[in-house]
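Comments concern the structure below.
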There are 2 protein chains.
Amino acid sequence: MARRAPRPAGATLPAPGGPRRIPDAAVARLGTYHRVLTDALAAGSCTVSSEQLAGLAGVNASQVRKDLSYLGPTGTLGVGYDVEHLLGRIGVELGLTRHWPVVIVGAGNLGRALANYRGLAARGFVVAGLVDADPTKVGRTVGGLAVEPLEALEGLIAERRVRIGVIATPASAAQEVADRLVAAGVRAILNFAPAPVGVPPGVSVRKVDLALELQVLSYHQVRATTRTRGDGTHPRRAAAPALRPDPRGAGR
Amino acid sequence: MARRAPRPAGATLPAPGGPRRIPDAAVARLGTYHRVLTDALAAGSCTVSSEQLAGLAGVNASQVRKDLSYLGPTGTLGVGYDVEHLLGRIGVELGLTRHWPVVIVGAGNLGRALANYRGLAARGFVVAGLVDADPTKVGRTVGGLAVEPLEALEGLIAERRVRIGVIATPASAAQEVADRLVAAGVRAILNFAPAPVGVPPGVSVRKVDLALELQVLSYHQVRATTRTRGDGTHPRRAAAPALRPDPRGAGR
DNA sequence: CCCCCTTCGTGAACGCGTGCACAAGCGGGC
DNA sequence: GCCCGCTTGTGCACGCGTTCACGAAGGGGG
Ligand SMILES: NC(=O)c1ccc[n+]([C@@H]2O[C@H](COP(=O)([O-])OP(=O)(O)OC[C@H]3O[C@@H](n4cnc5c(N)ncnc54)[C@H](O)[C@@H]3O)[C@@H](O)[C@H]2O)c1
Ligand SMILES: NC(=O)c1ccc[n+]([C@@H]2O[C@H](COP(=O)([O-])OP(=O)(O)OC[C@H]3O[C@@H](n4cnc5c(N)ncnc54)[C@H](O)[C@@H]3O)[C@@H](O)[C@H]2O)c1
């Protein structure tokens with residue numbers, strides 16, 4: 001119950017009247033649920049239990065229920081969750097019911113790969129623009145989209161109502177690009193350049209650093225070889241239960 | 001010091017007295033420090049303070065000191081950290097002193113971008129192989145490397161001592177590819193496919209899901225527009241202090 | 001109509017990661 | 001040679017995220 005939870009007074013700053021704030025980690029998992037539920041629906045499932053959903057998403061079942069509880073009561077006791085309803089619920093909360101125009105800055109290896117990535121459109125993100133500072137790159141067509149000059153950035157953002165920007169330039173240009181994006185009205189930035197970018201409050205930034213991921217793996221390797229055997233540092237799920245068309249009837 | 005720490009037998013798995021276990025979050029930041037320190041060294045800095053390093057990496061100064069403390073005493077009181085020494089220390093801990101051969105599975109948009117990515121070699125990761133199941137892709141040269149058939153995967157891994165694998169195939173093939181990688185001796189996997197992969201204990205997996213990142217940003221946008229003004233949810237750093245060739249002498 | 005089985009939703013405990021504050025210690029200046 | 005200021009390293013507390021365990025509630029079968 002308690003759709004809007006009773007806030008124990010004394011919270012520092014977390015917007016006292018907020019309906020319900022969902023932690024980033026949970027939001028990310030909700031996105032995963034949305035994807036696997038889409039598959040499940042296509043496969044003919046009408047309802048799923050938290051246990052099944054957990055298996056598909058590769059997380060704990062308690063985690064699933066906790067995450068979904070942020071959306072309010074969405075399941076049916078004794079039955080599970082209605083796939084279609086749950087999809088709609090998550091979609092509304094995450095803003096996946098509308099299309100988000102995205103601008104990609106930098107038409108290099110990564111920028112072009114992103115522009116070609118069909119997984120974006122599938123989640124409601126449409127690449128509304130792809131710009132590059134290099135004149136020799138301008139005019140090239142990638143993924144059905146023509147590369148536009150860097151000067152077109154501001155006009156493009158305003159005209160196409162772009163709110164999300166992707167930085168795929170060298171690190172040295174990241175901050176400058178971010179500043180221009182924000183000045184032009186972008187409110188959320190996904191940064192692939194290995195450089196921290198500062199933005200004014202109210203603008204969200206997320207960073208993806210590939211080399212960093214590999215370095216963490218490298219560290220694990222060093223640890224594993226130093227110590228005789230790999231310890232149980234990574235208790236990843238053992239096996240994924242297959243997607244089952246009929247969600248019920250799993251005799252136990 | 002205690003380079004090789006006394007292992008108190010009987011620990012469940014958290015190995016209380018283990019050499020020193022570094023949490024993943026800290027390992028990732030150490031990687032960042034390593035990168036910015038490399039730049040700082042090139043720029044002529046001999047020593048840096050935790051405050052300066054924090055500015056360059058975009059994190060808290062306390063965080064920097066806490067992270068570096070995992071390496072043991074590395075700084076000089078009243079002075080700061082010797083850049084060269086610290087680089088070496090982090091490099092050893094993260095295994096960046098050697099070259100890590102990496103195999104990339106899937107020569108699509110993403111796989112090719114990765115193979116072309118110079119940032120990998122700069123961190124000590126060399127793409128030792130790039131394989132694809134599509135015969136029409138085999139033989140193509142990308143980043144000075146020829147695409148090899150999927151059948152060559154096992155031989156390639158064994159021959160070139162590959163320990164790290166990257167999955168850049170469609171989600172449907174992710175688990176199968178992961179199984180083959182592990183069976184062939186790979187002990188760490190970076191997974192770009194939006195599907196959870198299960199691996200036996202002792203193998204590390206990290207997942208990067210681009211669409212998920214955008215969905216989190218999308219959620220922030222929805223929140224920001226619903227509530228009148230963006231709250232202070234993202235207290236990102238305000239400004240980055242410029243890299244200073246002479247680290248000392250900041251008279252204050 | 002009642003009972004049992006299933007499954008959600010959540011309160012509470014645990015562990016981790018983060019940020020603060022301070023004592024200890026080293027270098028430079030006088 | 002001594003003192004002062006600067007910076008590290010860390011103990012501590014707080015808040016968040018994750019997991020366990022259980023009460024509540026609905027459906028199906030007898
Ligand atoms: N290639 C990868 O797989 C990969 C993976 C992870 C991260 N990254 C990071 O992503 C960024 C791009 O990587 P890449 O491999 O595509 O590099 P790239 O050199 O192939 O492409 C960079 C592009 O940005 C353009 N550019 C430069 N300055 C610009 C500016 N101020 N405004 C607009 N465009 C500008 C360049 O003309 C170039 O086309 C880099 O920071 C890299 O570290 C790349
Ligand atoms: N393109 C991007 O920017 C991007 C970004 C994030 C995530 N991803 C994910 O990365 C993966 C690859 O994306 P992409 O855009 O490169 O797709 P893609 O279709 O361009 O490339 C996939 C490649 O994998 C090959 N392949 C298929 N099955 C294989 C198998 N069993 N073994 C080896 N190779 C196989 C295909 O022949 C193809 O060349 C996808 O899962 C996608 O969701 C892509």
Side-chain angles (χ1 to χ4, degrees), chain A residues 1-3 5-8 10-14 20-30 33 46-55 57-82 85-86 89 233 235-237 247-252, chain B residues 1 12-16 20-30 33 46-55 57-83 85-86 89 233 235 237 247-252:
Chain A
M1 268 354 103
R3 184 72 51 88
R7 181 93 22 71
T12 347
L13 66 87
R20 36 196 134 79
R21 221 188 59 83
I22 307 181
D24 272 16
V27 171
R29 284 189 298 268
L30 284 173
Y33 305 153
C46 291
T47 62
V48 290
S49 69
S50 59
E51 200 85 37
Q52 293 173 316
L53 192 47
V59 300
N60 191 295
S62 298
Q63 188 88 73
V64 171
R65 294 198 295 274
K66 176 76 83 181
D67 291 340
L68 294 182
S69 75
Y70 287 116
L71 308 177
T74 49
T76 309
L77 283 170
V79 176
Y81 301 90
D82 180 84
H85 174 252
L86 192 52
R89 205 62 202 75
T233 307
R236 288 288 175 189
R237 74 217 190 77
R248 186 71 67 67
R252 126 40 72 60
Chain B
M1 268 318 165
T12 342
L13 70 85
R20 30 199 135 79
R21 221 188 58 83
I22 309 181
D24 272 16
V27 172
R29 283 190 299 269
L30 285 173
Y33 305 153
C46 292
T47 62
V48 291
S49 70
S50 60
E51 201 85 37
Q52 293 174 318
L53 192 47
V59 299
N60 191 296
S62 298
Q63 188 88 71
V64 171
R65 293 198 295 274
K66 177 78 80 178
D67 291 340
L68 295 182
S69 75
Y70 287 115
L71 307 178
T74 48
T76 309
L77 283 168
V79 175
Y81 301 91
D82 181 84
V83 174
H85 174 252
L86 191 53
R89 206 60 202 76
T233 307
R237 76 218 190 76
R248 187 68 70 63
R252 130 49 64 49

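Residue numbering restarts at 1 for every chain, and letters A, B, ... go by the order of the sequence lines.
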Below 4.0 angstrom from OP1 or OP2 of dG9(C), is there any side-chain N or O of Tyr81(A)? yes
Quick one: is dT19(D) close enough that its OP1 or OP2 comes under 4.0 Å of any side-chain N or O from Gln63(A)? yes
Can you tell me the distance, in whole Å, between the CG atom of Leu68(A) and the P atom of dT10(C)? 11 Å
With sequence neighbours left out, what residues match Ala25(B) under side-chain contact (heavy atoms from CB on, under 4.5 Å)? Arg29(B)
Atom CG of Leu86(A) and atom P of dC8(C) are separated, to the nearest Å, by 11 Å
Nearest-0.5 Å distance that lies between atom CG in Leu86(B) and atom CG in Leu30(B): 8.5 Å
Determine the minimum heavy-atom distance between Tyr33(B) and Leu68(B), stating which atoms define it. CD1-CD2, 4.1 Å
Write down the distance between CD (Glu51(A)) and C1' (dT6(C)), rounded to a whole number of angstrom. 12 Å
Pick out the pairs of N or O atoms, protein on one side and nucleotides 21-26 of chain C on the other, that lie under 3.5 Å.
unit_1	atom_1	unit_2	atom_2	d
dA21(C)	N6	Arg65(B)	NH2	3.3

Examine dT18(D): is either OP1 or OP2 under 4.0 Å from a nitrogen or oxygen in the side chain of Arg29(A)? Give yes or no. yes
Checking Arg65(B), Gln52(B), Arg89(B) against Tyr81(B) for side-chain contact (heavy atoms from CB on, under 4.5 Å), the one that qualifies is Arg65(B)
Is the phosphate of dC8(C), meaning OP1 or OP2, less than 4.0 Å from a side-chain N or O of Ser50(A)? yes
Provide, to the nearest angstrom, the distance between the CG atom belonging to Asp24(A) and the C1' atom belonging to dG15(D). 15 Å
Asp67(B) atom CG is separated from dG19(C) atom P, nearest whole Å, by 10 Å
Taking all heavy atoms of Asp67(B) and all of Ala26(B), pick out the closest pair and write down the distance. OD1-CB, 3.5 Å
From OH of Tyr70(B) across to P of dT8(D) the rounded distance in Å is 17 Å
Rounded to the nearest 0.5 Å, what separates atom CG in Leu71(A) from atom NE2 in His85(A)? 9.5 Å
Can you tell me whether the side chain of Lys66(A) and the base of dG9(C) have a donor-acceptor pair closer than 3.5 Å? no
If I take atom CG in residue Asp82(A) and atom C1' in nucleotide dG27(D), what distance separates them, rounded to the nearest angstrom? 16 Å
Under 4.0 Å between a side-chain N or O of Asn60(A) and OP1 or OP2 of dG17(D)? no
Any Thr76(A) side-chain heavy atom under 4.5 Å of Asp82(A) side chain: no
When rounded to whole Å, the CZ to C1' distance for the pair Arg89(A) and dG9(C) reads 15 Å
